[in-house]
Amino acid sequence: MRRALVTGGAAGIGAATVRRLVGEGKAVTFIDLDSVAGEALAQETGARFAALDGMDLGAVAEFLAGEDFDILVSNIGADQHAFFTGTGPADWQRLLSVNLQTAFAFCHGVLPGMQARGWGRIVLVSSEAGRLGSKGGAVYAAAKAGLLGFGRSLARENARYGITVNAVLPGPVHTPMVERAVAEVGAKILDDMARLTLLRRLGRPEEIAAAIAFFCSEDAGFITGEALGVSGGMGCGA
Ligand SMILES: NC(=O)c1ccc[n+]([C@@H]2O[C@H](COP(=O)([O-])OP(=O)(O)OC[C@H]3O[C@@H](n4cnc5c(N)ncnc54)[C@H](O)[C@@H]3O)[C@@H](O)[C@H]2O)c1
């Protein structure tokens with residue numbers, strides 16, 4: 001049975017991915033900052049939960065030292081809604097840390113084991129902001145674009161070990177992250193987000209999880225270094 005690790009798995013896209021991979025019969029572990037939601041999802045799904053801050057690089061290394069995973073879904077992320085000129089170094093550091101450095105830490109910890117066993121799947125949850133840019137999310141977009149270069153590099157380095165590395169780029173998806181944006185800037189943002197897509201709606205977390213699960217599957221074994229928009233056609237320039 002393939003062992004999967006989902007980061008930021010207690011809510012939103014991560015939680016939908018946990019449910020999906022458990023449903024496919026994988027042995028799923030997920031980590032999250034939120035131990036209340038994490039314990040509840042573990043109870044519901046039978047997945048294993050560990051409370052962990054993905055930005056604590058020492059704690060991540062310590063956690064992964066005793067573990068073996070065949071599949072990593074690096075999903076932790078957070079955004080901010082402010083024009084770039086309204087942000088400062090503390091924001092830049094936080095956004096790069098939560099969106100980019102967490103992926104470094106988890107990939108660094110799981111890759112040696114995958115290499116030794118000659119099989120692995122890594123899925124990086126990026127964003128359409130990473131290739132289209134985002135008004136009010138410049139540093140977030142930079143971090144998400146960074147994931148694309150990082151993933152393609154890992155794909156090049158690890159193909160020889162039977163490890164694939166791909167990125168999923170969600171468009172706007174109804175999750176607690178979007179609820180926070182509504183609380184911050186008002187409900188109008190939901191219409192603005194829907195208008196960015198050809199399908200004129202927000203996505204559901206399950207729709208992103210389906211794409212993630214495909215990249216994790218045996219069927220996706222000939223796909224690596226790719227970036228798939230799951231964004232209602234946002235990438236076409238709606
Ligand atoms: N929702 C969207 O519209 C959207 C669009 C594009 C990309 N994404 C990306 O998808 C991913 C998931 O987004 P979401 O909307 O489900 O987010 P969310 O905020 O709804 O859920 C994220 C989960 O990650 C956890 N988390 C955050 N920081 C953490 C940390 N340092 N350590 C451990 N856990 C942490 C949170 O507790 C939460 O459970 C993110 O990388 C996000 O950038 C989301």
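Numbers for residues simply follow the sequence, beginning at 1. All ligand and atom numbering here is 1-based and tracks the order in the structure.
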* Is ligand 1 less than 4.0 angstrom away from at least one heavy atom of Gly171? -> yes
* Would you please classify the geometry between the Phe84 ring and the Trp92 ring as parallel, tilted or perpendicular, with 30° and 60° separating the classes? => parallel
* To do: Step through the shown structure and confirm whether more than 12 heavy atoms of other residues, nucleotides or ligands are within 6.0 Å of CD on Gln93.
  => no
* Output the list of atoms in ligand 1 that are nearer than 4.0 Å to some heavy atom of Val178, sorted by atom number. => 1 (N), 3 (O)
* **Option from Val173, Ile189, Leu190 for which side-chain contact (heavy atoms from CB on, under 4.5 Å) with Val178 holds** => Leu190
* For atom 10 (O) of ligand 1, what's the nearest protein heavy atom and its distance? -> Val125 CG1, 3.3 Å
* Structure fact -> Checking heavy-atom distances from atom 17 (O) of ligand 1 to each of Glu179, Glu128, Met177, the winner is Met177
* Polar atom proximity, Asp34 to ligand 1 (N or O, under 3.5 Å) -> no
* **ligand 1 N/O within reach of Val173 N/O, cut-off under 3.5 Å** => yes
* Roughly how far apart are Glu128 CD and Arg131 CZ, rounded to 0.5 Å? -> 4.0 Å
* Asked: Are there more than 12 heavy atoms of other residues, nucleotides or ligands under 6.0 Å from atom CD of Glu24?
  -> yes
* Could you tell me whether Thr102 and ligand 1 have an N or O pair separated by under 3.5 Å? => no
* **Min heavy-atom dist Ser126 to ligand 1 below 4.0 Å** => yes
* Structure fact -> Check: of Val73, Ile13, Asn75, min heavy-atom distance to atom 40 (C) of ligand 1 comes from Asn75
* Nearest heavy atom to atom 38 (C) of ligand 1: which of Asp32, Val230, Leu41 does it belong to? -> Asp32
* Geometric N/O contact Pro172 with ligand 1, under 3.5 angstrom -> no
* Asked: N/O to N/O below 3.5 Å, does that happen between Ser127 and ligand 1?
  -> no
* Examine ligand 1 and decide if any of its atoms is less than 4.0 Å from a heavy atom belonging to Leu52. => yes
* Would you give the length of the straight line joining atom CH2 of Trp119 to atom CZ of Arg2, rounded to the nearest 0.5 angstrom? => 4.0 Å
* May I ask whether Met193 has any heavy atom positioned less than 4.0 angstrom from an atom of ligand 1? => no
* Would Arg180 and Glu184 satisfy salt bridge (charged side-chain N to carboxylate O under 4.0 Å, His left out), going step by step from the backbone distance to the final call? -> CA-CA 6 Å; Arg180 284 193 296 277; Glu184 230 178 278; over 6 Å; no
* Between atom CD of Glu207 and atom CD1 of Ile212, what is the distance when rounded to the nearest 0.5 Å? -> 12.0 Å
